[in-house]
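The structure appears right after this line, and notes come after that.
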2 protein chains.
Amino acid sequence: MAKRPTSQNVADMAGVSKWTVIRAFTPGASITEESRAKVMAAAGQLNYRPNLLARSLATNLTHQVAILVDDFENPHKLPVLERLTLELQAEGLVPMLVNINERFGHVHALLNAGQRQVDAVILFGTAFRNETLQDARLEGAAPMFVLARDSQIPGVPAISCDATIAIEELCAHLREQGYRRPGFMAGPQTLSTALGRRRSFKTFWVRHGVEHVPELPAKSYSMTSGAEAVRHYLQETSAGDRIDVLMCENDALALGALDVLRSEFGLRVPQDIAVAGFDNIMFADAPAYDLTTYEQPIEDMVKTTIDMILGRRERQTVQLRGRLVVRGSTKRT
Amino acid sequence: MAKRPTSQNVADMAGVSKWTVIRAFTPGASITEESRAKVMAAAGQLNYRPNLLARSLATNLTHQVAILVDDFENPHKLPVLERLTLELQAEGLVPMLVNINERFGHVHALLNAGQRQVDAVILFGTAFRNETLQDARLEGAAPMFVLARDSQIPGVPAISCDATIAIEELCAHLREQGYRRPGFMAGPQTLSTALGRRRSFKTFWVRHGVEHVPELPAKSYSMTSGAEAVRHYLQETSAGDRIDVLMCENDALALGALDVLRSEFGLRVPQDIAVAGFDNIMFADAPAYDLTTYEQPIEDMVKTTIDMILGRRERQTVQLRGRLVVRGSTKRT
DNA sequence: TCCACGCTTGCTACCGGTAGCAAATATGGT
DNA sequence: ACCATATTTGCTACCGGTAGCAAGCGTGGA
């Protein structure tokens, strides 16, 4: 394969120095129209475009942003990734997608991103331990931003959906519909950065006189875990003691639960039991599910994150307001 | 923020030259255990790691691979992206995710990837015109690979699921179940690279004496388009003339169709009409859908692509065999 | 006519590595 | 002890740009 032409090649052809070539490609640089035309003609012939790698090395700016993701099971990731890539690209930033898993952990990924000199790292909904991000080796690495999750780490801003408001709105709706025996399905609790949804949920019901809120623990944030969790709960609980509304930490769990409630236990939703989720994934809207849920302000979150990355906004944790989406799975009437 | 240390900084601290520092970090380089230890001690102190940008510039290898995606509506993208990122990372390659859309087309993306000196570009299921990829400006750009789609472009290998075998297997199953009035729901046909699924489907039924195979055109590969397409078909067709099995070009279309068949027209699946899809997305397995479908050999496709990128396998178009997944939506018995 | 000034162009030094040659040092055989 | 050979280390040149200074050039005013 032919080697890519460099500014020097273009310069030779146009009969100018390589710096003049560079200037022709630098907006606002000092160059005559005549030289620019000569350069552009030669560049067009040779099919020249500046090497961004070399530019990055010299300017110490790569315009690359790493996005760390660890849960590809959740369909919610897709629309956020779409938005994130779209908006990053609109700002001339290039998204680097990093798959976090057992073999490729946060520290590994962050060190790697650092070596590649990325301008910023977005931890998109990944489950991390606070200590991990405070690893000494990460000193002086690229600035980090936590998206769609909490973060207690000083200096690492989190941009997420305001869980307190969200859960208040959701619960107010559930109470209004007459539900009084709430249960909560929670994802893995091993991480200190667990979402505040569970806490807000309990707080609401305690305030309204419901002391005991059963918890259905799920192994992961997936449909199958949601199915398992509700199956286990129903097998262990007598019909009389059963909850009448199940709030799930996200839609994936909720949809898994819904399937089991209906197809395995023959329960009617929402007559026998209501179900609500969080995220408003595409399938929540399908007639087969018709799930009440809460939509995160994706666009707002993404734009806020990018504004912080570009320094157009103060880098600090913010919680943005989402939107309640009421559907059939919680409408008793 | 403190500037990252360079090999020179480490060298000064360890009392050696910067080249010795580099050698300490180069596997198999000629260096004494003693020097390496000195260097590593200093490097540890300073928290030094080689700058991969500089390395890439010098070696003309970035170990970056661009992945072009244009349809984030399809849930099938997620598991493939997971696998792709996982396997790329396992080979020390970094995935760059590029969102292709109206504002950011193929040529733009390819030129950009070229400027960033990526080692390869993967067109993952994107809808492109042949002429686009033959744009003169793309001369000498990074090698391209088409994943999960056909490609007629010479020099651009496509790695996809063998549609002929897949459709043969699917149709054989449908015929065996007694279905004799097949219909096909096709995605947008504007592109010359349309999938071969439709052709194979017609071929099968013509061979088995079914001359007329109605076609249900969908505007895009999404659930809502699938819903629309089937809605339109049922409104236009009298009950007697109706098909008894609907094959959809992918699962997203199939699930949208299923929802409409059941909830809007009160049809029973598979008794009144059977439905089959393609891709085996997560929700195809849900009790609410229980969709018969065909699973693409994701792992095999991804590994083959990477082998070609790394030059471990000849760069040529291959079609790999997937797996038929029979579920309730086509089981009459 | 001459010089001051502004715009344009070319230059050196640099970003942080790699490649491969040459010098310095270590090892071994006789 | 001494030289041949192998290993280790340092060096120059380079990858393809950027930054900012200095020289070249053209123009206008005195």
Side-chain angles (χ1 to χ4, degrees), chain A residues 1-40 42-43 46-64 112 114-119 140 142, chain B residues 1-40 42-43 46-64 112 114-119 140 142:
Chain A
M1 195 186 314
K3 217 162 162 302
R4 295 171 59 88
T6 73
S7 55
Q8 187 61 63
N9 301 141
V10 177
D12 293 347
M13 185 169 198
V16 296
S17 72
K18 72 168 195 167
W19 297 277
T20 301
V21 173
I22 301 285
R23 283 192 183 98
F25 281 89
T26 310
S30 164
I31 185 174
T32 56
E33 227 10 88
E34 197 195 335
S35 310
R36 158 168 270 129
K38 266 196 300 186
V39 168
M40 286 313 188
L46 295 176
N47 203 1
Y48 166 81
R49 313 211 106 211
N51 182 332
L52 297 184
L53 218 55
R55 175 177 297 171
S56 293
L57 181 60
T59 57
N60 206 25
L61 265 183
T62 55
H63 300 283
Q64 296 218 152
N112 217 269
Q115 284 192 265
R116 288 218 135 82
Q117 318 291 113
V118 299
D119 294 347
Chain B
M1 192 186 314
K3 215 163 163 305
R4 296 171 57 89
T6 73
S7 55
Q8 188 61 63
N9 301 141
V10 178
D12 293 346
M13 187 170 199
V16 296
S17 72
K18 72 167 193 170
W19 297 278
T20 301
V21 172
I22 300 285
R23 285 192 182 97
F25 281 88
T26 309
S30 164
I31 186 174
T32 57
E33 232 1 275
E34 196 193 336
S35 310
R36 158 167 271 130
K38 267 196 300 187
V39 169
M40 286 312 189
L46 293 176
N47 204 2
Y48 166 81
R49 312 211 106 210
N51 182 331
L52 296 186
L53 219 55
R55 173 178 296 172
S56 294
L57 182 60
T59 58
N60 204 25
L61 266 183
T62 55
H63 299 283
Q64 297 218 147
N112 216 268
Q115 285 193 266
R116 289 217 132 83
Q117 317 291 116
V118 298
D119 294 347

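Chain A is the first sequence line, chain B the second, and so forth, proteins listed ahead of strands; every chain is numbered from 1.
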Using side-chain heavy atoms (C-beta onward) and a distance below 4.5 Å, is A:T26 in contact with A:I31?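 No - every pair of side-chain heavy atoms lies 4.5 Å or more apart.
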
Do A:H63 and B:R116 have side-chain heavy atoms sitting under 4.5 Å apart?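 A side-chain contact exists here, since the closest heavy-atom pair is under 4.5 Å.
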
Can you list, by residue number, the residues of residues 46-59 of chain A that have a non-hydrogen atom closer than 4.0 angstrom to DNA chain C?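 Within residues 46-59 of chain A, the residues near DNA chain C are A:L57, A:A58.
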
Members of residues 11-23 of chain B that approach DNA chain D, where some heavy atom sits under 4.0 Å away: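 When residues 11-23 of chain B is checked for heavy atoms under 4.0 Å from DNA chain D, the hits, listed by number, are B:S17, B:W19, B:T20, B:R23.
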
Say you draw a straight line from [atom1] of [X] to [atom2] of [Y]; how long is it, rounded to the nearest 0.5 Å?
X     : Y     : atom1 : atom2 : answer
B:L57 : B:N51 : CG    : CG    : 10.0 Å
B:T20 : B:K38 : OG1   : NZ    : 8.5 Å
A:L52 : A:L61 : CG    : CG    : 12.0 Å

Calculate the interatomic distance between [X] atom [atom1] and [N] atom [atom2]; express it in whole Å.
X     : N      : atom1 : atom2 : answer
B:E33 : D:dT8  : CD    : P     : 10 Å
B:Q8  : C:dT18 : CD    : P     : 14 Å
B:R4  : C:dG16 : CZ    : P     : 10 Å
A:N9  : D:dC15 : CG    : P     : 10 Å
B:N60 : C:dG17 : CG    : P     : 18 Å
B:I31 : C:dT18 : CD1   : P     : 13 Å
A:F25 : D:dT18 : CZ    : P     : 11 Å
A:K38 : C:dT8  : NZ    : C1'   : 12 Å

Any donor-acceptor pair under 3.5 Å linking the side chain of [X] with the backbone of [Y]?
X      : Y     : result
A:Q115 : B:P50 : yes
A:S7   : A:I22 : no
B:N9   : B:T6  : yes

Does [X] have a side-chain nitrogen or oxygen under 4.0 Å from the phosphate oxygens OP1 or OP2 of [N]?
X     : N      : value
B:S7  : C:dG16 : no
B:S35 : D:dT9  : yes
A:T32 : C:dT8  : no

List the atom of [X], the atom of [Y], and the distance in Å for their closest heavy-atom pair.
X     : Y     : answer
A:A14 : A:A42 : CB-CB, 3.9 Å
A:R36 : A:R23 : NH2-O, 3.8 Å
B:F25 : B:A43 : CZ-CB, 3.7 Å

Give one of base, sugar-phosphate or nothing for B:T6, where a contact means two heavy atoms less than 4.0 Å apart.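 Contact class for B:T6: sugar-phosphate only.
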
Testing the 3.5 Å rule here: is there a donor-acceptor pair between the side chains of A:Q117 and B:R4?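 Result is yes, a qualifying pair exists.
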
Which angle, to the nearest 10 degrees, lies between the helix axes at the two ends of the helix from C:dT1-D:dA30 to C:dT30-D:dA1, each defined by five pairs?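 The angle, to the nearest 10 degrees, is 50°.
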
